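Notes to accompany the following structure.
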Protein chains: 2
Amino acid sequence: MVTIYDIAKLANVSPMTVSRVINNTGNTSEAIREKVNKAIDELEYIPNSSARSLTLKESKLLTLLISDIANPFFTKLARGAEDKARELGYQLMLCNTDENIEKEKEYINVIISTGADGVLFSPANNSSSKHIKLFNKHKIPFVLVDRDIPKTKVDKVLGDNYAGTKLLLNHLFECGHKRIALINGPNNVFTAIARKEAYKEVHQLLGLTVNEELMYELHYNRNNDAEHIVMKLLNLPKNKRPTALFASNNSIAIDMVKALHALNINVPDEISVVCFDDLDPNSAINPFLTVVMQPAYDFGYIGTQLLIDRIKNNSSSNKHREVILKPEFLLRDSTKSIVDR
Amino acid sequence: MVTIYDIAKLANVSPMTVSRVINNTGNTSEAIREKVNKAIDELEYIPNSSARSLTLKESKLLTLLISDIANPFFTKLARGAEDKARELGYQLMLCNTDENIEKEKEYINVIISTGADGVLFSPANNSSSKHIKLFNKHKIPFVLVDRDIPKTKVDKVLGDNYAGTKLLLNHLFECGHKRIALINGPNNVFTAIARKEAYKEVHQLLGLTVNEELMYELHYNRNNDAEHIVMKLLNLPKNKRPTALFASNNSIAIDMVKALHALNINVPDEISVVCFDDLDPNSAINPFLTVVMQPAYDFGYIGTQLLIDRIKNNSSSNKHREVILKPEFLLRDSTKSIVDR
DNA sequence: CTGTTAGCGCGTTCAC
DNA sequence: GTGAACGCGCTAACAG
């Protein structure tokens, strides 16, 4: 391994001078800088960031800890985070918890252990609150993105689950739908809880009755039982049967549509489907689903800005910023007015 | 920050004993181990891996360096890598180069700098060969996945581009297609080069003529000019106009289909489309495209196995393993026999 | 403008 | 079975 001592020797200066040249700290004569830089190039020196972290307690490394690397929402978020990080001189690494609280804990240990300067964190579920304590204990700044952990006093970038739900339900309502099934995410995940809450509130607002028989709960990213749920819903007596499905994320929506397909149910002729979050642009061959799209990129971009602000100001000040990003309604082809039939 | 000194004090032992307990190295009495472990729990101690790396020169950290985090091929690969890494006691972090050679270089610096034990590497393009030298110079083991850099003597997990191309072209040929356009990736990316090569060879094999007018080159993951290309192809005189499109990855294929849609060209009635790599399972509402699927998960899983083998044996031995993973042909709805018309 | 010293947190080596 | 001293690569603080 090449160290500053090696280049110091080669350049005939002291290690300290090498350090100064590398970090642009303190004054160094042009002549010496050239000598040192030449030696650095010659030896292809790369600083050892472990050693640097040890003394500096800073790594210029940020970690994005998310729950599903395969979800386009999060990949876009990651792009945003990366862009902002690089703008500000940081590097971003990703850790994928796979919605698994145990993996999450392990990764947090790694993150603390390796000394990331900060974490952009989208918790797996409500049990993640334990992990928050870890961050605090070890004084590593973090920003919550997309998924809140209520009562946690940190900077946050969240979506507006109520507004999004309202946009979707309003649209369905205007299309004449009165029985709208909710296919929700796990009831221990913030966004799922918030969307269910919103679903109920908006129902009240619209004067619709909330029917427990129309509410289901699925995993956010792998559902083998979508078909099962669809069958149950369709087997309800006609006056209770839903005419529309509200899926609480894109992945669930797709699974529902697939299940409907498999059962030869036409969307939107026989049933309408909407969901939170847009589809992968890469795969929306059919710009099919009517959705509310969230500005995923901005979640990452803004979140990283907040994170770095906090790192730099080293301010565990109590002024915590909470940015709420508005969703946008995208009318496409998976919904249809009921009077058309 | 909590260090072994803190727990040493609390447990009334020497720091060295704490270290032994943590690492299960040397003998320690049961009583002391309990005391120490209790102190560790109480103080929520997490080892400082920078310090550990410094002395040990090992971090139990692997890095997956890929070019497009949004491509389902790579996300599946990442899952496989992660699973194997965890099985074997390593953690995996991701770096996304965005097909950008500059970003790639920066990330490699970070990787070397932070002391990852090894890298699973899918190079951005052929210029990445420079970066290979960096890995070698700094003696960090790496395994090439999906994209080869010819003449590089390391372990590799690659797809069979010839076999895949042949499956696809054979199918089209059997359907009666004789003019098959190639919409390829960048001509400095290994898979694109290999697929073009294969495209030509198989054409010869089938007695088809290769026409330069039918070959185009696009970026692998963002193409604004897909429509432009489609128009050019369709504007060819009828006896030169392609009856099928061979896209060299999923993303390109989707862009082509979108462009065809926009121009009101029906797939597969008016033109057939095939591609390398399956679509995101999450988004294939319409299991639409006929493709050759590669076992993406295995690329990561096997690659990580090779990588860790090499790390553990510390063997820069010359016996380099090269695993070739076979693609699988999936007949779906984007291709049609020409005689049907 | 440049060099020396000390210490970051940990594990290896060598004592006891 | 346990502890003390040293060094990993780097930089802050202090000298000169």
Side-chain angles (χ1 to χ4, degrees), chain A residues 1-37 39-40 43-61 109-117 138-140, chain B residues 1-37 39-40 43-61 109-117 138-140:
Chain A
M1 166 173 269
V2 181
T3 74
I4 48 170
Y5 289 88
D6 298 315
I7 36 184
K9 223 172 283 171
L10 185 60
N12 251 319
V13 294
S14 82
M16 196 52 231
T17 304
V18 176
S19 174
R20 285 199 185 91
V21 172
I22 293 171
N23 299 297
N24 266 318
T25 150
N27 294 332
T28 38
S29 72
E30 185 59 34
I32 283 205
R33 284 166 61 165
E34 257 179 50
K35 266 202 305 185
V36 170
N37 279 322
I40 287 178
L43 267 44
E44 297 184 70
Y45 167 76
I46 294 181
N48 180 324
S49 89
S50 292
R52 196 178 250 169
S53 293
L54 248 197
T55 43
L56 248 39
K57 274 107 180 60
E58 118 172 349
S59 63
K60 289 288 179 188
L61 227 57
N109 273 286
V110 173
I111 290 167
I112 293 172
S113 183
T114 54
D117 287 349
H138 293 273
K139 300 207 173 72
I140 158 159
Chain B
M1 166 173 268
V2 181
T3 74
I4 49 170
Y5 289 87
D6 298 315
I7 39 183
K9 226 173 281 174
L10 185 60
N12 250 320
V13 295
S14 82
M16 198 47 237
T17 304
V18 176
S19 174
R20 281 202 260 269
V21 171
I22 292 172
N23 299 300
N24 267 318
T25 150
N27 294 332
T28 39
S29 73
E30 183 59 35
I32 282 206
R33 285 167 60 166
E34 257 179 50
K35 266 203 303 183
V36 170
N37 279 321
I40 287 178
L43 266 45
E44 298 183 70
Y45 167 75
I46 294 181
N48 181 324
S49 89
S50 292
R52 194 179 255 167
S53 293
L54 249 195
T55 43
L56 247 41
K57 274 112 181 55
E58 116 172 349
S59 63
K60 290 289 179 188
L61 227 57
N109 273 287
V110 173
I111 290 166
I112 292 172
S113 183
T114 54
D117 288 349
H138 293 273
K139 299 207 173 71
I140 159 158

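Letters go in sequence order (proteins before strands), and every chain restarts at 1. Model, not experiment: these values are computed from the prediction.
For A:I22 and C:dT2, the CD1 to P distance is 15 Å, given to the nearest whole Å. When rounded to the nearest whole Å, the span between CD of A:E30 and C1' of C:dC1 equals 13 Å.
Heavy-atom distances to DNA chain D give each of B:S29 and A:T25 a nearest nucleotide, and the one nearer the 5′ end belongs to B:S29. For A:V18 and B:N27, each mapped to the nucleotide of DNA chain D holding its nearest heavy atom, the one lying further toward the 5' end belongs to B:N27.
Within a 6.0 Å radius of NZ in A:K139, other residues, nucleotides and ligands contribute 12 heavy atoms or fewer.
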Quiz: residues 4-25 of chain A side-chain donor-acceptor pairs under 3.5 angstrom, not counting sequence neighbours:
{"from": "A:D6", "atom 1": "OD2", "to": "A:T3", "atom 2": "N", "distance (Å)": "2.8"}
{"from": "A:S14", "atom 1": "OG", "to": "A:M16", "atom 2": "N", "distance (Å)": "3.3"}
{"from": "A:S14", "atom 1": "OG", "to": "A:T17", "atom 2": "N", "distance (Å)": "3.3"}
{"from": "A:S14", "atom 1": "OG", "to": "A:T17", "atom 2": "OG1", "distance (Å)": "3.2"}
{"from": "A:S19", "atom 1": "OG", "to": "A:N23", "atom 2": "ND2", "distance (Å)": "3.4"}
{"from": "A:N23", "atom 1": "OD1", "to": "A:R52", "atom 2": "NH2", "distance (Å)": "2.7"}
{"from": "A:N23", "atom 1": "ND2", "to": "A:S19", "atom 2": "O", "distance (Å)": "2.9"}

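Judged as a side chain to side chain donor-acceptor pair (under 3.5 Å), and not counting sequence neighbours, the contacts of B:D117 are B:S59. When the side chain to side chain contact (heavy atoms under 4.5 Å, CB included) test is applied to B:E34, the partners found at least two apart in sequence or on another chain are B:E30. Contacts of A:T55 classified as side chain to side chain contact (heavy atoms under 4.5 Å, CB included), with partners at least two apart in sequence or in another chain: none.
An end-to-end axis angle of 40° holds for the helix from C:dC1-D:dG16 to C:dC16-D:dG1, taken from five base pairs per end and rounded to 10°.
With rounding to the nearest 0.5 Å, the separation of CG in B:N37 from CD1 in B:I32 is 11.5 Å.
Nucleotides of DNA chain D with any atom under 4.0 Å from a heavy atom of chain B span, from 5' to 3', D:dG1 to D:dG9.
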What protein N or O atoms touch nucleotides 3-6 of chain C N or O atoms at under 3.5 angstrom, if any, and at what distances?
{"from": "C:dG3", "atom 1": "OP2", "to": "A:S14", "atom 2": "N", "distance (Å)": "3.1"}
{"from": "C:dG3", "atom 1": "OP2", "to": "A:S14", "atom 2": "OG", "distance (Å)": "3.2"}
{"from": "C:dG3", "atom 1": "OP2", "to": "A:T17", "atom 2": "OG1", "distance (Å)": "2.5"}
{"from": "C:dG3", "atom 1": "N7", "to": "A:R20", "atom 2": "NH1", "distance (Å)": "3.3"}
{"from": "C:dG3", "atom 1": "O6", "to": "A:R20", "atom 2": "NH2", "distance (Å)": "2.3"}

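Applying a 4.0 Å cut-off to non-hydrogen atoms, the residues of residues 46-57 of chain A that approach DNA chain C are A:L54, A:T55, A:K57, listed by residue number.
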